[in-house]
Amino acid sequence: MDKDANMPLIGANVIVKGTTNGTITDLDGKYSLSVNASDVVTFSFIGMEAKEETVGERTVINVELTSGALKINEVVVTAMGIERKAKSLTYATQSVGGDELTRAKETNLINSLQGKTSGLTISPNSSGAGGSSKLLIRGNKSAQGNNQPLIVIDGMPMSNNSSTQLESEYGGRDGGDALSNLNPDDISSMNVLKGASAAALYGSMAANGVILITTKKGREGAARVDFSSNVTMESQATAPSLQSTYGATVLGDGSLSDNSWGDKITGEAKGANRVDDFFRTGATFINSVSINGGGEKLQGFASYANTYANGIVPTNNFQRHNMTLKETIKLFNNKVTVDGSLNYIIQKGTNRPEGGQYFSPLTGLYTFPANGDFADYKNNYKTFDAVNNYDAQNWYRDVNQDFSANPYWVLNNNKHTEKRDRMMVSGTVKYDITDYLNVQGRLNYDKTADKYDRKVYATTSSVLMNGSNGRYTVNDYNMRQFYGDLLANFNKTFNEWEVNASLGTSFLDYSTSRFDYDTTGELLLPNYFVIAADSKNGVKNYESPRKRLNAVFATAQVGYKGMIYVDVTGRNDWSSTLAFTNNSSYFYPAFGVTALLNEMMPMSEKVNLLKLRGSYSIVGNDMPAYITNPLNGFNNGSVSMNNNIPFTEMKPEKLKSLELGFDLGMFDNRFNWDFTFYKSNNTNQYFAMNVPTGTGYSQYYFNAGDIQNAGFETSFSYSHPITSDLTWKGSFNISYNDNEIKNLDDRLDYVNIGSARGYDFRLVKGGSFGDIYAKKLMKDENGVIVTDNNGRPQLSANKEFVGNVNSKWNLGLSNTFNYKDYSLYFLFDGRIGGNTVSATQATLDSYGVSEESANARDNGGVDAGNGTKIDAYKYYSTVGANGGAGDQYVYSATNFRMRELSLGYTFRNLLGVSKNLSINLVGRNLFFIYKDSPNDPEMSMSTSNGYQGIDYFALPSTRSFGFNLKATF
Amino acid sequence: MKTSIIINIKRVSLLMVSAAMGLSSCTGNFEELNSNPTGLGVADLPLSTYFNEPQLSIYYNQSNGNWEYQLIQNLNADLYSGYLAVPTAFNSNNNNSLYSMVDGWNSFTLNYGLLHVMKPVSNILKSTEEPDYIAIAKILRVAGMSKVTDVYGPIPYSKSMQGGLSVEYDSQEDIYKSFFADLEESINALTAFVDANGDQSTRLTFDKMCGRSHTTWLRYANTLRLRLAMRVVKVAPALAKAQAEAAVANKYGVLTAADANIEVKDANTRNPLMIIARDYNDCCVGASFESILKGYNDPRLTKMVLPVGWKLDSNKQQIDITDKNGNATNSIGEVHGIRNGFSVPSSAVYKMYSIPMVEIGTTVLSDKYPLPIMKVAEAYFLRAEGALRGWTMGGDAESLYNEGIRVSLAEYGVEASYNDYVNDNTRMAQDYVDPYNSELNIAAMNNVTVKFGGDNETKLQKIITQKWIAMFPEGQEAWSEFRRTGYPKLFPIVENRSAGSVAKGDFIKRLPFCLDERDNNPAGVASGVALLGGADNIGTRLWWDVQKGNF
């Protein structure tokens with residue numbers, strides 16, 4: 001019986017342990033088997049905890065199996081692939097089953113986890129299908145270094161770097177990270193190791209936590225085929241509020257002025273519906289099939305998934321093929337297990353939305369005047385130039401500036417494409433020397449080849465091209481990571497003492513090579529996009545950071561009577577990025593204790609688990625390659641002197657973290673509550689500081705600072721059978737993180753980690769990560785706006801604090817109802833606190849296309865606060881300008897939304913015993929219950945540290961709905 | 001059982017330790033791994049590479065980008081000199097042109113000067129003992145940094161290039177004195193060198209400016225000394241006279257008609273002003289320039305400036321200026337400039353006005369053109385002013401003045417008009433008329449003729465006016481001389497958004513200390529403000545810009 005669902009378990013394996021004598025349960029969950037009295041029968045089912053029963057004198061043995069959240073004796077996979085009992089863990093983890101990722105699929109699988117794990121915040125980039133997402137566990141810790149957790153697949157770390165991310169308001173693109181490439185159907189479970197203590201075995205790479213992914217393997221039993229198909233439609237979930245009352249001034253020759261500060265529109269406002277006209281309904285099709293099966297000695301798994309997505313921006317499309325093959329072989333009387341896996345991913349995208357104002361279709365679209373004939377510019381975005389024999393851009397304003405162009409021209413004649421080819425090969429050999437001692441070796445090779453190109457046709461803005469025949473940009477990016485480790489595991493119980501220990505060594509070799517080409521001269525012929533056709537040499541850049549990390553680590557866990565467990569871990573790293581200093585080797589320890597109170601003292605039998613845990617760890621982090629050995633480069637035929645040097649000898653970063661918490665399980669584990677409090681301090685951070693150019697340098701590197709994150713995470717879940725057919729399960733998670741920059745350095749007042757459109761992202765002592773600074777609108781002591789003698793509002797002289805882009809509270813609430821074969825699932829999530837900046841709104845205001853600017857004009861001006869009004873044009877052109885009153889465009893990031901909804905029906909055994917077909921209607925990001933900002937506060941333009949929380953003509957977020965079909969053959 | 005555990009553990013640990021040792025010894029090649037394979041260590045660089053940077057940074061285009069030049073010079077000095085004006089409504093017209101200073105623009109002049117002129121020169125001075133290389137390096141430093149100090153006033157100079165976290169400023173007086181000292185040393189060293197060896201072009205393979213000739217470098221240094229001497233004539237007249245006379249008296253003298261203009265010629269570099277004017281369309285000729293040259297019927301005008309009609313539409317038709325009602329004004333073929341400092345309408349109604357043509361010869365709109373550093377004509381005009389002041393300049397003011405005009409006309413290939421031009425005593429600057437918006441019309445202001453004569457003040461105005469015309473389009477020097485002398489009389493800006501720093505009708509005196517310095521070097525800026533002798537804003541005069549008469 002399936003205990004949670006209170007239903008017969010069909011197809012469960014019933015096997016006499018140690019033999020091949022077994023069977024599977026039938027449609028009623030019944031089985032029969034010939035056994036001996038001394039036999040131990042094992043009952044197991046995928047996704048559930050196995051149970052063993054000794055036959056003894058019984059002729060009928062009924063068993064209930066349980067599944068889902070961590071159970072008491074369940075074994076979980078922890079760092080390095082080491083298995084431990086869930087109850088003995090001294091740190092906070094949260095496990096998510098693979099079905100959470102496949103209920104309502106997204107093209108980037110990690111986005112399916114939004115709202116489902118406390119402490120993990122996921123911010124997708126606004127770059128549509130194929131885009132990266134920024135993952136953050138327990139707040140930002142490192143100013144310049146990486147803040148994202150390590151992704152580990154089957155025990156081996158995977159690099160999640162992306163080739164490039166946006167670094168300014170002008171342009172830059174999301175190169176796509178590595179996690180988004182994976183196929184969610186290949187994943188059997190994900191375990192989030194939230195703190196550094198959990199991750200200490202991975203060393204510096206895992207200072208920000210670890211997401212452990214365990215993939216599906218072959219299993220013993222008849223071959224089984226799983227097929228799933230996911231079809232969803234996407235539409236815009238947010239839109240700028242545009243006006244259609246005032247248009248652009250009509251000039252003498254009939255042309256329109258650039259902005260919309262002209263007269264009221266008489267007649268039809270042909271440009272009023274331009275945004276709806278432009279975006280189309282997106283569609284995503286994800287189909288996947290997998291087959292697994294095998295015998296006792298040999299088990300295999302193969303899968304293929306095909307993703308095809310059309311984004312809401314016309315001409316944007318994305319395709320991906322994922323292929324996986326895994327084999328497990330047991331040799332030498334099951335003493336040796338060999339696992340091999342091969343993964344091949346091909347991905348291709350066209351016109352994936354990029355951020356910033358260069359080559360953006362949205363800048364021209366949003367600022368187009370409402371009295372312009374948009375349909376005409378849509379249908380005739382180009383006109384044929386017979387003299388030059390090519391198509392020329394047709395737009396309502398002069399195209400030779402860096403902001404606005406005909407959106408259809410940008411999509412068709414500034415087209416960019418990208419391809420990714422990725423291959424991951426890994427192999428594991430495990431030798432069981434005895435039943436308590438085994439040795440395991442693993443190797444993993446991950447190779448990515450990306451290619452990107454953009455063709456800019458003649459008559460695009462001359463500011464964005466060199467010469468007038470067009471421009472051609474090509475980026476070639478190759479990344480290769482080679483990882484290997486060797487581990488010895490010892491697990492033995494001596495009477496009341498359990499000892500689990502591991503000792504190991506690993507190496508990680510990471511290298512990238514990047515070749516960028518961009519025309520700097522004139523192309524030989526207009527629109528002839530060949531690299532050799534550049535009249536000058538073209539900008540060629542090679543960058544190839546390489547890094548090697550060698551490590552030795554050991555961990556030991558000692559348990560007494562299953563009541564108290566003590567954990568000790570130590571790891572020593574040698575990193576090549578700290579060569580040329582005395583600090584290339586660094587050691588860090590971790591300690592933890594857990595006490596199972598329900599085992600130690602008598603408790604009500606309603607309490608299944610009451611566990612207290614605490615741990616402390618010190619983890620280091622190295623720095624980017626080449627920093628300790630600055631060299632000069634070359635540029636444009638001459639040497640370009642290096643202006644950035646280390647100020648003093650560089651040291652590794654050090655993160656100290658403390659964690660305390662408890663886990664409670666009651667009522668047969670129908671009620672679960674876990675709580676963790678943590679505090680972490682990251683010191684010796686690597687900073688690059690701007691220094692006065694008079695020193696002869698422009699930046700110094702040094703170690704300093706102390707960034708503290710403190711907070712808590714907690715989650716509750718409760719499942720309740722309402723009637724025999726209807727069960728309800730609810731779960732709620734909430735986390736709070738307070739980030740404080742306790743210290744930077746005496747030499748610095750603050751560090752600028754990014755700036756865009758008048759907003760600076762600064763780290764200031766006493767402030768917090770994500771603080772933004774901008775000029776403010778000046779008001780006098782009565783709150784009246786101060787104006788100069790031209791009637792223009794005044795701004796503060798310097799940039800002041802205007803908000804912080806990180807929210808302190810994150811929460812999610814999910815409910816599942818199961819009624820017979822129907823199931824209904826819905827998830828709400830939200831954030832409280834924090835701010836988001838809409839530089840888009842500022843620009844729309846300064847152009848006079850926003851509804852706010854129209855309302856001000858209808859009102860006769862903007863209210864100054866004392867009864868007088870400020871002319872709307874003077875107000876918005878000052879306040880909304882680049883470097884204007886930034887504080888007026890900082891909004892609260894508090895928002896709540898219906899994140900996921902799924903309603904489905906399962907046809908049990910439709911295609912055979914335990915072969916089901918389920919159909920679900922799914923929707924994601926369906927609607928906002930509350931939102932204050934014009935844009936979606938959770939999208940961001942880049943995963944880099946400095947450009948979070950600001951929207952500047954980013955793609956609007958989308959809602960999707962559709963259906964999902966899963967079948968097993 | 002126990003022993004086998006122990007043996008097994010021992011066996012395994014031994015394996016691990018040896019593996020670990022094997023792996024950790026692999027830190028051996030860490031240094032190689034952590035070195036950028038395409039990087040260049042200091043030992044790899046020959047001296048000539050250090051010379052490349054400052055030469056391309058005096059009139060900046062070292063990186064072959066163009067936006068740097070736009071921010072370093074085009075959006076300040078070039079506008080304030082009256083040569084050029086902007087047809088683009090940058091920042092909703094809250095920009096440098098209307099005296100509303102844009103912080104994000106105004107740090108580049110200082111930063112690029114320090115990093116691309118001071119720094120390579122200090123590297124050269126540390127790595128060689130060759131007297132001619134040291135001399136040339138110092139000349140380059142003076143040439144580049146004199147432009148920077150004339151923008152801000154006090155700047156980090158003598159205490160720069162020494163690392164640390166903050167750099168103290170020097171007063172402009174000290175900086176100029178050290179310029180004179182450096183030039184004197186360089187001139188003496190080069191004089192000795194040329195006396196002993198003559199020109200050694202094989203030693204100057206890196207030279208992009210002076211035709212690989214030591215003698216030319218020497219004359220350039222003398223002329224630079226004369227230029228800087230004249231700059232300080234109001235604040236330190238004795239110093240000015242001594243330095244100027246020493247420059248002219250040097251054995252090899254200053255630049256003369258026999259020399260070519262000092263310009264940077266480099267195959268990889270495009271002229272950034274051309275790109276900004278022609279491609280970005282962010283720069284047009286100024287109304288003052290149009291008024292003065294059209295008034296004189298100056299034969300150089302159509303060689304320096306492109307008439308309306310240079311800009312073509314998508315059908316390759318010439319674009320005409322339209323008036324406010326949208327009617328064509330038939331201005332094609334005429335030269336029309338733009339006033340400085342007015343509220344540019346957001347539509348592109350000013351983009352087709354005349355732009356500077358920096359190519360002399362037949363290829364219009366070319367960007368393959370040298371970067372201007374110093375014109376030979378300037379030397380003559382400096383000497384003419386010195387002679388006017390009674391200094392020993394090797395000639396009298398009038399003949400030097402006329403010779404300067406002749407050299408400049410010859411440069412543009414219109415020497416045939418020389419006689420008519422220098423004897424013209426009737427034509428003066430003409431009124432400015434804006435075809436688009438007649439509210440911007442203004443009556444002529446620089447009311448002097450070409451023919452030399454009148455009282456000293458008038459003579460000075462003529463000299464400076466002709467010098468101003470000859471130096472086009474290098475706006476930095478023109479702006480400095482305008483501040484010093486008040487000539488030529490430029491049209492004031494139309495709308496003054498300086499919030500009181502500069503009075504209405506008056507002109508900007510300097511750029512404030514830049515944002516990067518205020519952010520990163522606050523102690524330095526404080527020392528600079530103390531040395532400035534006034535508030536840190538655009539209305540405070542520089543050291544040499546004394547508020548008194550020219551004589």
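Note that this is a predicted model, so its numbers are computed, not measured. Just so it is clear: chains get the letters A, B, ... in the order the sequence lines come, proteins before strands, and each one is counted from 1.
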Taking the side chain as every heavy atom from C-beta outward, state whether [X] and [Y] have any atom pair closer than 4.5 Å.
X: B/L165; Y: A/Y700; result: yes
X: A/T695; Y: B/K119; result: no
X: B/D516; Y: A/T693; result: no
X: A/Y697; Y: B/L114; result: no

With rounding to the nearest 0.5 Å, note down the distance linking [atom1] in [X] to [atom2] in [Y].
X: B/D519; Y: A/K799; atom1: CG; atom2: NZ; value: 8.0 Å
X: A/N550; Y: B/F30; atom1: CG; atom2: CZ; value: 4.5 Å
X: B/R497; Y: A/T878; atom1: CZ; atom2: OG1; value: 7.5 Å

Side chain, backbone, both or neither: which part of [X] has a heavy atom under 4.5 Å from chain B?
X: A/N642; value: backbone
X: A/R397; value: neither
X: A/K874; value: neither

What part of [X] gets closer than 4.5 Å to chain A, counting heavy atoms only: side chain, backbone, both or neither?
X: B/N111; value: both
X: B/E517; value: side chain
X: B/E495; value: side chain
X: B/S166; value: backbone
X: B/D282; value: neither

Q. Is there a side chain to side chain contact (heavy atoms under 4.5 Å, CB included) between A/Q401 and B/N281 once you walk through the steps?
A. CA-CA 8 Å; A/Q401 25 77 19; B/N281 223 177; over 6 Å; no
Q | Top of A/N259, A/N643, A/D398 for chain B proximity - count of heavy-atom pairs under 4.5 angstrom | A | A/N643
Q | Residue, of A/S575, A/A881, A/A248, that accumulates the most heavy atom pairs under 4.5 Å with chain B | A | A/S575
Q. Just by distance, with hydrogens left out, do B/N34 and A/K547 show a side-chain donor and acceptor under 3.5 Å apart?
A. no
Q.
Would you say A/S462 and B/D279 are linked by a side-chain donor-acceptor pair, where the criterion is simply a distance under 3.5 Å?
A. no
Q: Applying ring pair (Phe, Tyr, Trp, His ring centres under 6.0 Å), name anything that partners B/Y152, two or more places apart in sequence or on another chain.
A: none
Q. Minimum heavy-atom separation for B/S92 to A/S877, with atom names?
A. OG-O, 3.4 Å
